[in-house]
Number of protein chains: 4
Amino acid sequence: MKKLHGIVVPMVTPLTLNAEIDYKATEKLVEHLISGGVHGIFVLGTTGEAQSLSAAQRESFVEFVGKQINGRARYIVGVSDTSIADSVKLAAVAKAAGAEGVVATPPYYFGPSQSDMVNWFTALADASPLPVYMYNMPSHVKVNIDPSTVVQLASHPNIKGLKDSSHNMTYFQTLCYLTRDEEDFVLFVGPEEQTAQAVLLGGAGGVNGGANMFPELYVKSYDAAVAGDLETVKKCQKAILHISTAIYTISGGPSSYLQGLKGALELLGLCNRTLALPYTAMPEEKMGALKEALAGISPQEWN
Amino acid sequence: MKKLHGIVVPMVTPLTLNAEIDYKATEKLVEHLISGGVHGIFVLGTTGEAQSLSAAQRESFVEFVGKQINGRARYIVGVSDTSIADSVKLAAVAKAAGAEGVVATPPYYFGPSQSDMVNWFTALADASPLPVYMYNMPSHVKVNIDPSTVVQLASHPNIKGLKDSSHNMTYFQTLCYLTRDEEDFVLFVGPEEQTAQAVLLGGAGGVNGGANMFPELYVKSYDAAVAGDLETVKKCQKAILHISTAIYTISGGPSSYLQGLKGALELLGLCNRTLALPYTAMPEEKMGALKEALAGISPQEWN
Amino acid sequence: MKKLHGIVVPMVTPLTLNAEIDYKATEKLVEHLISGGVHGIFVLGTTGEAQSLSAAQRESFVEFVGKQINGRARYIVGVSDTSIADSVKLAAVAKAAGAEGVVATPPYYFGPSQSDMVNWFTALADASPLPVYMYNMPSHVKVNIDPSTVVQLASHPNIKGLKDSSHNMTYFQTLCYLTRDEEDFVLFVGPEEQTAQAVLLGGAGGVNGGANMFPELYVKSYDAAVAGDLETVKKCQKAILHISTAIYTISGGPSSYLQGLKGALELLGLCNRTLALPYTAMPEEKMGALKEALAGISPQEWN
Amino acid sequence: MKKLHGIVVPMVTPLTLNAEIDYKATEKLVEHLISGGVHGIFVLGTTGEAQSLSAAQRESFVEFVGKQINGRARYIVGVSDTSIADSVKLAAVAKAAGAEGVVATPPYYFGPSQSDMVNWFTALADASPLPVYMYNMPSHVKVNIDPSTVVQLASHPNIKGLKDSSHNMTYFQTLCYLTRDEEDFVLFVGPEEQTAQAVLLGGAGGVNGGANMFPELYVKSYDAAVAGDLETVKKCQKAILHISTAIYTISGGPSSYLQGLKGALELLGLCNRTLALPYTAMPEEKMGALKEALAGISPQEWN
């Protein structure tokens, strides 16, 4: 099987008004993503609000999405937890559901040292029934997985890559350089604003939340970057920045990105805009501004 | 029942060499604490390595300790989690095990706003079968529960207090002042170096890790502060600082406190020094220095 | 001469409406402080907006205040800078103006390591014509002067103490313990909310901004703490917290403390509320709320 | 005159062994940079250790370098300070010395709000005799100049651009998008690891410290990016990452970059490796490792 690459969309978790998982909307969203051409679907990431869901909800969701995808896209599951036993438990569910890999941050309560992170990922990769992708997310986890730590872990046979959401392109480029000889190790960037640049200089792809709304755009930008077609990259990049500056900044505050994204998905008819407790949906009084912002975005921008 | 007060020891979780819960050592440690006169026992806090334990381990431990205490000390259980449903689930176990209250941080992965924290603690207190004590721990949770947020939550009938581990005494004094008319709301300080000062000016007590080793010292310091006996406070304070500067700083790094504390408990014959994955025990080559430091601490200092 | 102790007020720098130094108001403020019984006057600290003033303004101000004090209170000058040569230059001006010591943070642009801070304070103390007090201010300087660094520097013959504005009482207590045998080394705490607690357990005094408004209150609280008179300490502490919660929080934002303090000084007829560029005075529309808050504070609270 | 673009090297400040400015080495370094084809020379930035120099040293250095350049490269001067009057004073010196623009961070002691930063740059641009380039440097200044703040300031007739050293490529791309219609506003990126990516998608150039050593490499990479020649970009990028991972990481700690850079310049015969107080030069015992690292870097990599 080809190494993981391309647009692996961090799927939102559709919720009903009373914050139960909305399976009907989940079905619809998975179909939207597959028909939009995404290379993979990644559930239970930060965008998927994994940490707000109960352990039981996470397991059910992983099983449901696996059935729905049914082999039509690559399937990756987030198992980030502060307990390694519970991470491995969810990895087993993921495997049974047809996933090909799991994604995990370092533990995010008690701050680990760099050598604690080596222990963590080694133990997880040793025990996990699926290959592990590391997830660098310093804004949420408080610690950065240092380049030397990544290098040390990249040669583990069951560690296959890293997704970087640090927004730090120096870091990402440094990882690309330092792991250039690890054949089986791939590097993804989280922020959609950086995916084209990352791919132009060697990144494997992007885990881009905006692809929940407009999967074709992000796929097109990726394909153009792979082909070295700078004109198309620039056209797509402008649209991608239009989306991020118009949609993710409306409500302000720490949930602004997620409120904007789920609010837009509601307007697009894909799922409710509810966020899991304690976070709140885009407030009603701002939905007008969001509607207007969304109306200003058109596939003609990138086609 | 009298409001919670005094030394509520954040009990370590004794582990076997292969990181299973060590119930025999747990029994011994609980007896050590009760005979040392602590006012309460708090399990599954930061010192208790709660987040590193699996959900199943947490439940068993809560049940076991409740049976062991058997009403001889006040019993509080940490239920900090990023999922409110899983917090409430553990609170129910705590109640069945004889606990009188639960302690919870805000969710510690996705950063909550102040109003998200109001939502969080309100929902938790509404659903919890036991009274809730808030836990302010910005170094691990990334956010501070602002004084105005605390004031807003202090009047909730099922929220009974707050434990502050920010080390920020301005914050603590501000809370004391702003909640001075909330009859049923108590304020505890985490760091043992500050407990006497907090109690001298109105704090309810301390949640002091060092009390795992020398419970009488911290109880004596608390009693002296309540009585306004400054001479005794000063004598105890010197011993408390001797302990914290000698024991908690040996290994350096983020686990230094916990490595020193559990290492000392091993030397005192109370439990193994093992830490849960991915954290590591005080390394063998530093046990000599720890032994020497511990030998320099004697109850004669405070008696 | 007795070691520095008591309330050393971090004097604001009175400014005219167009942000020149207001020498007439400076005269009035110095007299207000001296008649209020403060033990010392400290100019060009954070509260004195030193960094916003030009090098030329700093020199003139130091000279003027020295003449005005004229030996009636102890006089300390802030010389914090990122260039050691310019710090020493200002220290010479301070000496000529009758100051007895200088206060300095570590350099605050390029982040120093702990050993860089040893170099910094050693070089400064070697070259300074006046004794040096170190200033720990991690919120503004980005780095904390670690206890082991303080211990290393405390024995320098020209380093006489440290002022801690970290708000971290664990840190302060640790310094008290570790430097307990340094006869000539004194520890001050910045935040006024903590001064009484610090002094009760061994601190030398407080550098409290609120003393610009009500010097007698802070002096009374200090005297009571020295005497171990807990009743008076508690009464004063309540008034101190009334002031800090009512006056310093009105405008919000990073300048809220300074806007409130200077706004109140304007209402008390002591000086204009102007802040130096780029910071802005308490806005006109909030002066009503400030007036009301100030009216609620009365010396009867603490007398 | 064409807008500022290309490789504007943040020149180190050569120092003698006793930390005086080394004018002879300065002459040599300026010639090295000009013959290496850099588009501009920027003195008194972070790499230039501006904050460690006295005000008098800064003025002399600005004058000397202006004479040495003598119109053969574009000349920019850092005037970052916490006092706006002193910034403007240095800007006047810069103009007299032949500089075409000045660069300034927000004030870096007392943390400014976003509107304080608007005040700051507006006042500076109003008073400065030379056009102003803003400098976003959150690791040293503690605050980020938010995109909306940049947009607000970009239309000021005397503000001509921004240099971003945040390492955050999402931020940089967002600025590119939001200021795309400001004809006279240019965006530079600080970190050399990101310059090619920034230029490929619209950035004006890079302020790259490595160009002190190997100016041709960075110029070649810039030219290739402007031309859309991805093959050459990739070849140069590999060499740029070779340099940054080999040279800047040897000593560790906050000065590691500067110690490596100045150490390499000493080995290249361009200037002494001395750093200004309180920072220390690459220690002698690590010069062997640096020499070896430098020997592994050869112009054949990029030619």
Side-chain angles (χ1 to χ4, degrees), chain A residues 19-20 45-58 78 80-89 105-124 127 137-143 251-258 275-280 283, chain B residues 19-20 45-58 80-89 105-124 126-127 137-143 251-258 275-280 283:
Chain A
E20 295 299 320
T46 307
T47 297
E49 298 174 81
Q51 276 63 38
S52 301
L53 305 177
S54 70
Q57 284 177 312
R58 290 182 221 184
S80 298
D81 205 300
T82 58
S83 153
I84 206 153
D86 287 345
S87 286
V88 172
K89 198 174 160 199
T105 62
Y108 38 83
Y109 179 74
F110 194 94
S113 68
Q114 295 298 320
S115 74
D116 292 334
M117 288 192 260
V118 171
N119 294 344
W120 177 263
F121 284 113
T122 302
L124 181 60
M137 184 54 154
S139 63
H140 291 55
V141 179
K142 298 184 293 284
V143 290
S251 60
S255 309
S256 189
Y257 155 72
L258 207 47
L275 265 62
L277 250 171
Y279 310 100
T280 55
Chain B
E20 296 298 320
T46 307
T47 297
E49 298 174 81
Q51 276 63 39
S52 299
L53 305 176
S54 70
Q57 284 177 311
R58 290 182 221 185
S80 298
D81 205 299
T82 59
S83 152
I84 207 153
D86 287 345
S87 286
V88 172
K89 197 175 160 200
T105 60
Y108 39 82
Y109 179 74
F110 195 93
S113 67
Q114 295 297 320
S115 74
D116 292 333
M117 288 192 260
V118 171
N119 294 343
W120 177 263
F121 284 113
T122 301
L124 181 60
D126 286 349
M137 184 54 155
S139 63
H140 290 55
V141 179
K142 296 184 293 280
V143 290
S251 60
S255 309
S256 189
Y257 154 72
L258 207 47
L275 266 61
L277 250 172
Y279 310 99
T280 55

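Numbered from 1 within each chain, the chains take letters A, B, ... in sequence-line order.
- Using bins of under 30°, 30° to 60° and over 60° for the plane-to-plane angle, the ring pair B:H140/A:F110 lands in the perpendicular bin.
- Legend: residues meeting side-chain hydrogen bond (donor to acceptor under 3.5 Å, both in side chains) with B:Y108, ordered by chain and number and at least two apart, are B:Q51.
- Among all heavy-atom pairs drawn from A:Y279 and B:G111, the shortest one is CE2-O, 4.1 Å.
- For a residue to count as touching a neighbouring chain, one of its non-hydrogen atoms must lie under 4.5 Å from one of that chain's; by this rule A:M117 does not touch chain B.
- Counting heavy-atom pairs closer than 4.5 Å to chain B, the top residue among A:S115, A:S255, A:G253 is A:S255.
- Atoms CG and CG, from A:L275 and B:N119 in turn, are 11.0 Å apart once rounded to the nearest 0.5 Å.
- At least one side-chain heavy atom of B:P107 sits under 4.5 Å from a side-chain heavy atom of A:P278.
- Taking B:S87, B:A50, B:P112, B:A85 one by one and counting their heavy-atom pairs under 4.5 Å with chain A, the maximum is reached by B:P112.
- For A:K89, the NZ atom is loosely surrounded, since the number of other residues' heavy atoms within 6.0 Å does not exceed 12.
- Listed by chain and residue number, B:S113 satisfy the side-chain hydrogen bond (donor to acceptor under 3.5 Å, both in side chains) test with B:D116 (two or more places apart in sequence, or in another chain).
- Distance check, rounded to the nearest 0.5 Å: CD of B:Q57 to CG of A:D86 gives 8.5 Å.
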Evaluate the side-chain contact (heavy atoms from CB on, under 4.5 Å) criterion for residues B:Y109 and A:V141: first the C-alpha distance (whole Å), next the side-chain angles of each, then the deciding distance (0.1 Å), finally the verdict. CA-CA 7 Å; B:Y109 179 74; A:V141 179; 4.0 Å; yes
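- With chain B as partner, the option from A:T46, A:D81, A:I84 having the largest number of non-hydrogen pairs under 4.5 angstrom is A:T46.
- Both the backbone and the side chain of A:A55 come within contact range of chain B, judged by heavy atoms closer than 4.5 Å.
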